[in-house]
Amino acid sequence: MKEKILKYIESNFPNLTSDLHLRFELGDPYKNGTEERINQVVTRVTTLFEEVFKPDDFIYLYIKDWNVTEDIMFGNNTPEYLYNLFSKQNIEEETFFDLDEDYDEVTGQTIEVKNEYKVRFVYSQLKSVPHQEILEAIGNYEQGREPSIGQSVYFISTDKDIIFRMYDDRGCDVFGLNKDTLMPLYHKFRKWILDYNRIEIDGAFEEGLYNYYETAKEKKKRIKENRLKVKKTKINLSQDNTCHITHDLAIPNEWAEECINEIGETGFNIAIVNKNSECTNIKVTKTEALALVDYQTELMSLYSKKYKGEYIGWSVKVAF
């Protein structure tokens, strides 16, 4: 089993990734530790997973385990929980090493460091895999809940050429080889796509903001203005800086409806402020760390450009 799936990964998904992928947002905008957050995480990730895989599908589980139980921040307090879920399954194992570099201050030389980790493999029909328990426990890990799964778990379908990985309560990735296979997921759950990666993902699927770019001059000007504005807020970006960030756009009336519809398919909320004979003024809001305002303003400036309008600017209000 392990030889077959390792050969498949090497040929199709080097390093368990692919240039063609979707990244979905799971926990935001809810605060860490809240019931609202974990409930949304479980609902979203289960919905996405069951859209990708069906009960009769045969899948491989590739489980990467660093055997870390004493992590300072997120110690895996239930390290055997995942394997107990597969107590009746055949589990194969292999040992691998990641190569890293460290600097020796005494000798002034760079030394190579080998970090050992285990990979465990399961092959089964999905109906025999407790995927809901696995996904919920992965979501629990950084939320300080039990049971938790600290191992990295990849669900792989060689028939569909898809890898599904939930990295934690923040999000999950779906990697694929065929655009047509992932396109229905891209369309159906477009609102859940992580806005931070939306421009890149739109580009891969040749929709949305595909082929819309800033010039180097426009980008430099936008980021400089953001820095000055963030400084004026006196909000400490080294602490919890979750804010309601609101962007003002003025879009020509002939393009306004289409613009509102497209932004409405993102993680932002929209409100129409007013409409005159020439343009529609809209406010676009998202609750997120102020430290991420650069990517938000990039999105808004590109939507304004696409729909022949003007990006006026942004304002902020502390959320918590």
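Values below: every heavy atom of this structure, side chains too, minus hydrogens, waters and symmetry copies. For reference, positions follow the sequence shown, starting with 1.
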K.L.:
State whether a side-chain donor-acceptor pair under 3.5 Å links Thr242 with Asp240.
P.N.:
yes

K.L.:
Look at atom NZ of Lys54 and say whether more than 12 heavy atoms of other residues, nucleotides or ligands are closer to it than 6.0 Å.
P.N.:
yes

K.L.:
Check whether His21 reaches the backbone of Asp19 with its side chain - one donor and one acceptor, N or O, closer than 3.5 Å.
P.N.:
yes

K.L.:
Give a yes or no on this: more than 12 heavy atoms of other residues, nucleotides or ligands lie within 6.0 Å of atom NZ of Lys188.
P.N.:
no

K.L.:
More than 12 non-hydrogen atoms from neighbouring residues, nucleotides or ligands closer than 6.0 Å to CD on Gln89, yes or no?
P.N.:
yes

K.L.:
Do Leu22 and Phe205 come close enough that some side-chain heavy atom pair is under 4.5 Å?
P.N.:
yes

K.L.:
Taking only Lys NZ, Arg NE, NH1 and NH2, and the carboxylate oxygens of Asp or Glu, determine whether Lys7 and Glu3 approach each other closer than 4.0 Å.
P.N.:
no

K.L.:
Hey, can you pull the donor-acceptor pairs under 3.5 Å for the side chains in residues 197-204, sequence neighbours left out?
P.N.:
unit_1, atom_1, unit_2, atom_2, d
Arg198, NE, Asp195, OD1, 2.6
Arg198, NH1, Arg190, O, 3.2
Arg198, NH2, Arg190, O, 2.9
Arg198, NH2, Ile193, O, 3.0
Arg198, NH2, Asp195, OD1, 3.0
Asp202, OD1, Tyr186, OH, 2.8
Asp202, OD2, Leu209, N, 3.0

K.L.:
Any donor-acceptor pair under 3.5 Å linking the side chain of Asn140 with the backbone of Ile149?
P.N.:
no

K.L.:
Assess whether atom NZ of Lys317 is packed by more than 12 heavy atoms of other residues, nucleotides or ligands within 6.0 Å.
P.N.:
no

K.L.:
Which pair of non-hydrogen atoms, one from Ala289 and one from Ile245, has the smallest distance, and what is that distance?
P.N.:
O-CD1, 4.0 Å

K.L.:
Without hydrogens or angle criteria, can the side chains of Asn226 and Trp314 be said to hold a donor-acceptor pair below 3.5 Å?
P.N.:
yes

K.L.:
Test your reading of the model: is there a side-chain donor-acceptor pair from Lys160 to the backbone of Val52, 3.5 Å cut-off?
P.N.:
yes

K.L.:
Looking only at the side chains, is there a donor atom on one of Glu262 and Tyr307 sitting less than 3.5 Å from an acceptor on the other?
P.N.:
yes

K.L.:
Are more than 12 heavy atoms from other residues, nucleotides or ligands located less than 6.0 Å from atom OH of Tyr196?
P.N.:
no

K.L.:
Strictly distance-based, threshold 3.5 Å: is any side-chain N or O of Gln125 a donor or acceptor partner for the main-chain N or O of Asp56?
P.N.:
yes

K.L.:
Parallel, tilted or perpendicular: which fits the ring planes of Phe268 and His247, with parallel below 30° and perpendicular above 60°?
P.N.:
perpendicular

K.L.:
Between Phe97 and Tyr117, is the ring centroid distance below 6.0 Å?
P.N.:
no

K.L.:
Donor-acceptor pair, Glu310 side chain versus Ser304 backbone, under 3.5 Å?
P.N.:
no

K.L.:
So, do Asn32 and Asp169 sit near enough that their side-chain heavy atoms are less than 4.5 Å apart?
P.N.:
yes

K.L.:
For salt bridge (charged side-chain N to carboxylate O under 4.0 Å, His left out), just list the numbers for Lys220 and Glu214, CA-CA rounded to whole Å, side-chain angles, deciding distance to a tenth of an Å, and then say yes or no.
P.N.:
CA-CA 10 Å; Lys220 183 177 180 180; Glu214 290 180 308; over 6 Å; no

K.L.:
When you measure from the side chain of Lys305 to the backbone N and O of Tyr213, does any donor-acceptor pair fall under 3.5 Å?
P.N.:
yes

K.L.:
Has Thr297 got a side-chain atom pairing as donor or acceptor with Asp294's backbone, closer than 3.5 angstrom?
P.N.:
yes

K.L.:
Take atom CD in Glu10; do more than 12 heavy atoms of anything else shown fall under 6.0 Å from it?
P.N.:
no

K.L.:
Salt-bridged, Arg37 to Asp28, with N to O below 4.0 Å?
P.N.:
yes

K.L.:
Quick one: sort the Tyr154 and Tyr62 rings into parallel, tilted or perpendicular, breaks at 30° and 60°.
P.N.:
perpendicular

K.L.:
Without hydrogens or angle criteria, can the side chains of Ser157 and Asp57 be said to hold a donor-acceptor pair below 3.5 Å?
P.N.:
no

K.L.:
Please confirm whether the ring centroid of Phe49 lies under 6.0 Å from the ring centroid of Phe155.
P.N.:
yes

K.L.:
With a 6.0 Å cut-off (strictly less than), is the heavy-atom count around NZ of Lys275, excluding the residue itself, greater than 12?
P.N.:
no

K.L.:
Donor-acceptor pair, distance only, cut-off 3.5 Å: does the side chain of Asn281 make one with the backbone of Val273?
P.N.:
no

K.L.:
To the nearest 0.5 Å, what is the distance between OG on Ser124 and CG on Leu61?
P.N.:
8.0 Å

K.L.:
Can you tell me if Ser18 uses its side chain to pair, donor with acceptor, with the backbone of Gly176 under 3.5 Å?
P.N.:
yes

K.L.:
Does CG in Asn15 sit with more than 12 non-hydrogen atoms of other residues, nucleotides or ligands closer than 6.0 Å?
P.N.:
no

K.L.:
Given 3.5 Å as the limit, does a donor-acceptor pair link the side chain of Asp168 with the main chain of Arg170, or not?
P.N.:
yes

K.L.:
Examine the side chains of Asp65 and Tyr83 and answer whether a donor and an acceptor come within less than 3.5 Å of each other.
P.N.:
yes

